[in-house]
Structures are given as C-alpha cells and as structure tokens.
Amino acid sequence: MPSSTPFRIIICGGGIAGLAAAIALRAPGREITILEQSRLASEIGATLSLQPNASRLLQREWGVDSVKEARGMIDHGFRIFNVEGKLVNTVPLLSKTEYGGDRVMYHRQDLHACLLRAATSKDRAGQPAVIRTSSKVIACEPLEGTVSLESGDQLVADLIVAADGIHSSIRSTVIDCEVKAIPTGFSAYRMVIPTDVLAKEAPEFTALLEPTKPYTTMMLAHSCRLIMGPAREGSSYSIVGL
C-alpha cells in the first residue's frame with residue numbers, strides 16, 4: 001500500500017533552476033517547498049534563450065506552453081555582422097529538425113513568471129509547490145536532511161535540492177569544501193531597449209538589424225563582440241557587450 005506520509009522535498013532557490021526542479025519533481029505523494037531568500041516582488045534580468053533540448057523538455061515533457069505564456073520568440077537563426085555593418089554569415093535554425101525542439105528567446109521575467117505559475121498550479125499532477133519567500137538558507141545538513149534559515153527556522157526533508165546560484169550556501173556542505181567563483185577578468189554589459197525607442201533614436205541601426213525580427217544577431221570585433229536579440233514579441237531588444 002502507498003505510504004500516507006508524503007515524500008518531502010525542499011528546493012533552495014526560487015529562480016529559473018529552482019522552479020524548473022519543482023515542475024520536474026511534482027508527482028502524487030510528494031510535498032515540495034521552495035525556499036527563496038528574496039520577496040519575489042521585483043524579478044530582474046534581461047533576455048535569455050532556451051536551447052532545443054530544454055524547449056523540448058519544457059513543452060513536451062512538462063506540458064508548459066512557454067512560447068505563448070511567456071511571450072517567447074522562436075529563433076529563426078544567427079546573423080553575424082562585422083564592425084562595418086556587413087553581414088558576413090548566417091546560420092538558419094528553423095530547418096534543423098533533428099533536435100525535436102526550437103531555440104526560443106525570452107525575457108527572463110516572463111519565463112520566470114511562467115515557470116512560477118506551472119510550479120504552483122493546482123491543475124498539474126501532484127500537490128502544488130509551496131514557495132516561502134524571505135527565507136534565506138544559511139546551512140544544510142545533507143545526511144540529517146535539515147535546512148537552517150536565517151530566521152532561525154529549521155526544516156526537514158527527504159530530498160534537498162540546491163538551486164541557489166553561483167554564490168550557493170549549500171555547495172560547500174555537499175562537496176565538503178569551500179569553492180568560490182573564479183573571476184575571469186571579462187565583463188558583460190547588458191541593456192534592454194524598447195524597439196520603438198530604437199526606431200526613433202537609432203534609425204540606421206534599426207534599418208540594418210531589424211530588431212523586431214526573430215533572429216540572434218552578433219557583431220564581432222577582434223577581442224569583443226555584441227550579442228543581440230528580441231523578446232516580448234519584438235517589443236524589446238536585448239544587447240550584450242562582451
């Protein structure tokens with residue numbers, strides 16, 4: 001007979017990874033709690049892309065229509081320009097069917113909100129995930145199955161998932177040593193600009209790159225590059241300088 005006691009899962013981190021883990025782990029007889037240190041009141045970020053394998057998983061395996069619900073744009077291909085503005089190469093993507101999915105561009109806020117709805121929806125198998133905000137994890141005991149919060153609360157689970165980012169407070173307890181991010185010496189400068197503002201303020205740029213069209217565009221120089229692409233059905237344009 002199935003146990004009447006639910007299998008308790010704690011996910012540390014309520015970002016893209018934590019919400020995706022919650023969706024993947026939802027099933028009857030499981031109780032999922034997501035611990036997020038922020039209040040989830042003002043999600044930030046620029047654009048991001050899901051590669052075909054991730055899109056296939058999200059849409060076919062998890063049944064999340066992220067293209068519609070998160071205003072995703074299916075990427076038609078890569079366009080590469082030199083610094084003079086000359087198109088030097090293209091890589092079409094729509095013709096590639098071997099991956100079983102599309103490369104899709106999103107604004108991070110929209111994808112996060114879409115995953116949050118799916119993780120907490122009552123219309124999916126299993127209990128909806130419960131999200132505890134303002135719950136900063138400061139310690140974890142994997143063998144005992146406990147998580148300690150900054151508030152003084154201690155939670156117990158059968159499975160603990162670390163999804164708390166590059167500055168994870170749990171990583172060191174899993175691998176039993178302190179590992180810090182290593183600076184690379186490189187910087188990335190990101191901006192998101194409404195495409196109607198681009199059209200008004202930078203008409204030559206707009207005419208050349210057509211920022212409302214669903215392409216990832218790169219402009220390459222010797223030791224730096226721009227990576228650009230639209231989001232939110234072409235109403236926003238993301239530019240990353242590396």
Side-chain angles (χ1 to χ4, degrees), residues 1-46 48 50 53-54 57-59 61-64 66 69-70 106-184 190:
M1 295 180 63
S3 172
S4 59
T5 302
F7 186 81
R8 298 163 300 176
I9 301 171
I10 288 178
I11 299 173
C12 302
I16 298 289
L19 295 175
I23 296 169
L25 291 169
R26 274 188 64 166
R30 297 178 182 177
E31 184 180 89
I32 301 174
T33 301
I34 301 172
L35 303 176
E36 169 56 37
Q37 66 177 345
S38 75
R39 293 178 297 165
L40 286 181
S42 56
E43 279 299 296
I44 60 174
L48 55 82
L50 290 189
N53 56 341
L57 185 69
L58 186 63
Q59 296 166 10
E61 300 296 328
W62 298 349
V64 178
S66 55
E69 296 179 23
Y106 302 93
H107 194 289
R108 184 188 182 280
Q109 290 176 332
D110 300 333
L111 181 61
H112 185 274
C114 174
L115 296 178
L116 178 61
R117 288 192 296 269
T120 58
S121 170
K122 296 180 179 180
D123 299 327
R124 304 177 67 83
Q127 297 182 40
V130 174
I131 298 185
R132 290 185 52 167
T133 57
S134 302
S135 298
K136 183 177 180 179
V137 176
I138 60 172
C140 171
E141 294 293 339
L143 297 181
E144 297 178 10
T146 62
V147 171
S148 299
L149 304 182
E150 190 176 51
S151 64
D153 291 349
Q154 186 176 80
L155 308 180
V156 180
D158 302 294
L159 172 66
I160 300 170
V161 178
D164 51 345
I166 192 171
H167 300 296
S168 171
S169 60
I170 296 180
R171 183 188 299 113
S172 60
T173 64
V174 174
I175 62 177
D176 202 28
C177 65
E178 186 74 18
V179 177
K180 295 184 178 181
I182 301 173
T184 63
R190 306 177 68 100

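In this text, all values refer to a predicted model and were calculated from it rather than measured experimentally.
Between D176 and R171 there is no salt bridge, since no side-chain nitrogen of the basic residue lies less than 4.0 Å from a carboxylate oxygen of the acidic one.
Annotation for A20 and W62: closest pair O-CH2, 3.5 Å, computed over non-hydrogen atoms. Closest approach of S172 and E178 over heavy atoms only: CB-OE1, 3.8 Å. Contact record, V137 with S169: O-OG, 3.0 Å, taken as the closest heavy-atom pair. Contact between I160 and G145 at its shortest, heavy atoms only, is CD1-C, 3.8 Å. Considering every non-hydrogen atom in both E36 and G13, the closest pair reads OE1-C, 3.8 Å. The nearest pair of heavy atoms linking L116 to L19 is N-CD1, 3.7 Å.
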If you apply the rule side chain to side chain contact (heavy atoms under 4.5 Å, CB included), what do you find for L48 with L111, and how did you get there? CA-CA 9 Å; L48 55 82; L111 181 61; 3.5 Å; yes
Passes side chain to side chain contact (heavy atoms under 4.5 Å, CB included), I32 versus V130? Steps please. CA-CA 6 Å; I32 301 174; V130 174; over 6 Å; no
Side chain to side chain contact (heavy atoms under 4.5 Å, CB included), that's the test. Do R30 and L25 meet it? Break it down for me. CA-CA 8 Å; R30 297 178 182 177; L25 291 169; 4.3 Å; yes
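Remark: side-chain polar atoms of D158 are paired, donor with acceptor, to backbone N or O of R8 under 3.5 angstrom. Formation of a donor-acceptor pair under 3.5 Å by the R26 side chain with backbone atoms of A125 is found in this model. Side chain of H112 to backbone of G14: a donor-acceptor contact under 3.5 angstrom is found. Judged by distance alone, with hydrogens and angles left aside, the side-chain atoms of S168 form no donor-acceptor pair with the main-chain N or O of D164 at under 3.5 Å. Judged by distance alone, with hydrogens and angles left aside, the side-chain atoms of E144 form no donor-acceptor pair with the main-chain N or O of T146 at under 3.5 Å.
A heavy-atom distance below 4.5 Å is found between the side chains of I131 and T120. Side chains of R117 and V64 form no contact here, defined as non-hydrogen atoms less than 4.5 Å apart. Counting only heavy atoms from C-beta outward, the side chains of I16 and L115 approach each other to under 4.5 Å.
Counted within 6.0 Å of CD1 on I175, heavy atoms from surrounding residues, nucleotides or ligands total more than 12; the atom is thus considered enclosed.
With values rounded to the nearest 0.5 angstrom, S134 atom OG is found 10.0 Å from E150 atom CD. For the atom pair CG of L58 and SG of C114, the computed distance is 6.5 Å after rounding to the nearest 0.5 Å. To the nearest 0.5 Å, atoms CG (L35) and OG1 (T133) are separated by 10.5 Å. Between the CD atom in E31 and the CD1 atom in I9 there is a gap of 9.5 Å [rounded to 0.5 Å]. Of the inter-residue distances, the one linking I34 atom CD1 with C12 atom SG reads 10.5 Å to the nearest 0.5 angstrom. To the nearest 0.5 Å, atom CZ of residue R132 and atom CD1 of residue I11 are 14.5 Å apart.
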